[in-house]
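Structure first, commentary second.
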Amino acid sequence: MVPGRPNPEFLRRAIALAAQNVAAGKGGPFGAVIVRQGCIVGEGANSVTSACDPTAHAEVNAIRAAAQALGSFTLAGCELYTSCEPCPMCLAAAYWARLDAVYYGSSAADAARAGFDDAFLYAEFKKEPAARGLHASQLLADEAWASFAAWIAAPNKIQY
C-alpha cells in the first residue's frame with residue numbers, strides 16, 4: 001500500500017509527548033503516535049527507566065496501545081509518527097505490526113549526539129552469531145522443533 005500524505009500535526013504530537021516525558025522525568029526524549037484514517041489510535045512515550053523495561057520505547061508503547069485499542073495484532077492501514085528515527089528494535093516492531101509508513105523528526109545521528117547511539121547494533125547484526133558481543137548458542141534444537149511441528153499441525157492457528 002502506498003501511504004497517504006503525511007500530516008505534520010501528528011509528528012508535532014509525538015514531539016510534544018517526547019518533551020513532556022523529559023519534563024515529567026518519566027523516561028527518555030522519545031514520543032510516538034499511531035494514526036489510522038486521520039485519527040490517533042495509540043500513543044506512547046519512552047518509559048524504559050520508569051517501567052524498568054528495556055523494550056518500553058515510545059514506538060513499542062504506541063504500537064501496543066494501538067493494537068489494544070483496535071483489538072488487532074496487525075496495524076495494516078496505520079502510520080507511525082515518531083519524534084526520532086526508530087532504533088533497530090522499534091523498526092522491527094513497525095515491520096511486525098505491518099504499519100504502512102513511518103515518519104520521524106530527529107535522525108539516528110541526532111539521537112547519537114544526545115547519547116542514544118544505536119550504530120553498534122547495526123554493526124552487530126551484520127556479524128556472524130559467534131562473532132557478536134552477546135554470546136548466543138543453540139541448544140536442544142530437536143526438542144525445540146516440537147513447538148514448530150505443533151504449530152504446523154494446528155488446525156486452529158491464527159497466521160501472522
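Here the structure is a predicted model, which means the values were calculated and not measured.
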Give a yes or no answer on whether the side chain of N21 reaches the backbone of N46 with a donor-acceptor pair at less than 3.5 Å. yes
When you measure from the side chain of S106 to the backbone of C84, do you find a donor-acceptor pair of N or O atoms at a distance under 3.5 Å? no
Okay, side chain of D53, backbone of V48: is any donor-acceptor separation there less than 3.5 Å? no
Under 4.5 Å between side-chain heavy atoms, counting indirect links through other Ile/Leu/Val/Met/Phe/Trp/Tyr residues: same cluster for V41 and V33 or not? no
Mind checking whether Y103 and Y81 have parallel, tilted or perpendicular rings, split at 30° and 60°? tilted
Can you measure from CG (D118) to CE (M89) and round to the nearest 0.5 angstrom? 10.0 Å
With rounding to the nearest 0.5 angstrom, report the CG to CD1 distance, L80 to I63. 6.0 Å
Does any non-hydrogen side-chain atom of C78 lie less than 4.5 Å from one of V35? no
Short question: side chain of S107, backbone of D110 - any donor-acceptor pair under 3.5 Å? yes
Has Y104 got more than 12 heavy atoms of other residues, nucleotides or ligands less than 6.0 Å from its OH? no
Can you run down the ring pair (Phe, Tyr, Trp, His ring centres under 6.0 Å) pairs that involve residues 21-49, sequence neighbours left out, and say none if there aren't any? F30-F116
Any chance you could measure E79, atom CD, to R5, atom CZ, to the nearest 0.5 Å? 12.5 Å
Measure from the side-chain N and O atoms of R98 to the backbone N and O of W96, and report whether any donor-acceptor pair falls under 3.5 Å. yes
Taking all non-hydrogen atoms of both residues, which atom of G44 and which atom of A62 are closest, and how far apart? N-CB, 3.7 Å
Give, for atom CG of L11 and atom OG1 of T82, the distance between the pair rounded to the nearest 0.5 Å. 8.0 Å
Shortest non-hydrogen contact from V60 to C90? CG2-SG, 4.0 Å
Members sharing L121's hydrophobic cluster, built from side-chain contacts under 4.5 Å between Ile, Leu, Val, Met, Phe, Trp and Tyr, are F120, F125
Name all pairs fulfilling the salt bridge (charged side-chain N to carboxylate O under 4.0 Å, His left out) condition that reach into residues 121-132, sequence neighbours left out, sorted by first residue then second. E124-K127
Is it possible for you to say whether I34 and F10 belong to one hydrophobic cluster, with membership spreading through side-chain heavy-atom contacts below 4.5 Å? no
Measure from the side-chain N and O atoms of D100 to the backbone N and O of G77, and report whether any donor-acceptor pair falls under 3.5 Å. yes
With distance as the sole test, does K157 use its side chain to make a donor-acceptor pair with the main-chain N or O of I152 at under 3.5 Å? yes
Would you say the ring centroid of F148 lies under 6.0 angstrom from that of W145? yes
What's the spacing between E85 CD and L91 CG if we round to 0.5 Å? 8.5 Å
Rounded to the nearest 0.5 Å, what separation is found between the OH atom of Y160 and the OG atom of S72? 13.5 Å
Less than 3.5 Å apart, any donor N or O on the side chain of H57 or T55 sitting next to an acceptor on the other? no
Has the side chain of S83 got a donor or acceptor atom that lies under 3.5 Å from a matching backbone atom of G31? yes
